[in-house]
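Report on one structure; see the data block that follows.
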Amino acid sequence: MPIPVPLPRIERFERLGYGMFIHWGLYAQLGQGEWVQHLRKIPMDEYVKLKESFTAQDFDARRIAATARASGMKYITLTSRHHDGFSLYDTRGLSDHDAPHSAAGRDLAAEFVDGCRAEGILPFFYHTTLDWYQPSFHSDFDAYLDYLHKSVEVLCTHYGELGGLWFDGNWSKPDADWKLDRLYGLIRRLQPEAMIINNTGLGAKGETGHPQIDSVTFEQGRPTPMNREGMEKYVAAEMCQTMNRHWGIGAEDFNYQSPGDVIENLCACRKVGANYLLNVGPTAQGRIPDYEAATLRRAGEWIGAHEKLIYEGRLSAVTGNGADFALELDGKLYLFIHQLSAGGDAHVTVGAAGAGPRAFRGLESAVSGVRWVDNQEELAFTHASGLLCIDATGYPYGVDRVVRVAEVDLSPLTLGNR
Ligand code: GLC
């Protein structure tokens, strides 16, 4: 069965590879995650008072975009409105539950798109579809959908060309008629090149839905390979993930990913051709916490050593064992080797296992050389009957790159893509 060819916007999205998710809103002031209003049953008339102290005084969109760029991220998806119904954008009269009616008195989404563009980052908007603030969400769903669709129209009209719209919340009313044709038709009319994504939630990872959807989501999970054979349309895949256990900032959440975890997760996504959308939870007034920015920048240094490969490397028919995998780029094959040992001797090094042979199957073209990308060390190899076996030497003392990449010279190129 044939695999459909991706539309240009979908291909462009896949090449972005790695993005920053930002969960920020009134809830950040409480520092207990973005669901705090609902889960702690804070009455809405009390919760809305947070608008009076939401100054956004530390929100510097350009600086955030610069952090993303320095960390190897190519796009940012910002919560323009989350489930508490509060909009970071100027709803232009649709509601006063928005940033211009808060102490900030500014259109923070406008600042966001400008900051992104100044740094060469593609802006995306997350938008909730469920709403704890609007009574019509429960009492008059048709009226609510009018409000929701007009809200999205505002985003599609006043913020220039968007990378995409990322919806979340249809899982709250699985049997409702969300009038998706109308919503997606509106986006296609106003933002023809925008990706349309609708989060299928924790329970339905990787599920496709409406034909206008351009990417499936893997919320908080390792993405699985997509079988696109016989699909009507080529859809991309994106895994979104928290750096800790919450999307919105959690003052008492210490359970963080390390730079090494981020590298491994990014690799796990690229292994199956999925994008990685990694979340930060800015502080009450809009700064990315230092420890989050530092983790991202550190992982970004690793990406910087393999840049083109991470974004543009294509899936290969060649397969490794365990987490090891291969990508193809510009006529070469690249092997991603995991859990390699650290160098040294028994006095300084623990866990010295892991160096030695690594096998890859399905390589038909002839191999003329294999070397580590980071230090150009040539590696011994054998190659017979499609089986490539390399002698993966351990890291030199002082080095541990978490995932180490070997470059394979091929002649002639007969690799099968996707
Ligand atoms: C979930 C949560 C939400 C978060 C989203 C991100 O659906 O409800 O808080 O924004 O996941 O993927």
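For ligands, and for the atoms within them, numbers begin at 1 and follow the listed sequence. These numbers were taken from a predicted model, which means no experiment stands behind them.
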Residue-ligand contact His83/ligand 1, heavy atom below 4.0 Å: yes
Sub-3.5 Å N/O-N/O distance, Trp166 and ligand 1: no
Of the listed options Trp35, Phe218, Trp247, closest to atom 6 (C) of ligand 1 (non-hydrogen atoms): Trp247
Hey, which atoms in ligand 1 end up nearer than 4.0 Å to a heavy atom of [X]?
{"X": "Glu34", "value": "3 (C), 9 (O)"}
{"X": "Tyr126", "value": "10 (O)"}
{"X": "Trp171", "value": "7 (O), 8 (O)"}
{"X": "Cys240", "value": "12 (O)"}
{"X": "His82", "value": "3 (C), 4 (C), 9 (O), 10 (O)"}
{"X": "Asn199", "value": "7 (O), 11 (O), 12 (O)"}

Full working for side chain to side chain contact (heavy atoms under 4.5 Å, CB included) between Ile121 and Lys74: CA-CA 5 Å; Ile121 294 280; Lys74 303 272 190 195; 5.6 Å; no
Part of Asn279 with heavy atoms under 4.0 Å of ligand 1, whether side chain, backbone, both or neither: neither
Regarding [X] and [Y], do their side chains bring together a donor and an acceptor under 3.5 Å, going by distance alone?
{"X": "Tyr159", "Y": "Gln191", "value": "no"}
{"X": "Gln241", "Y": "Tyr276", "value": "yes"}
{"X": "Glu34", "Y": "Trp24", "value": "no"}

For atom 1 (C) of ligand 1, closest protein heavy-atom neighbour: Glu219 OE2, 3.1 Å
Charged N-O contact under 4.0 Å between Arg188 and Asp181: no
Lys/Arg-Asp/Glu bridge criterion (N-O < 4.0 Å) met for Arg371, Glu407: yes
Check: Phe125 and Val113 side chains under 4.5 Å, non-hydrogen atoms: yes
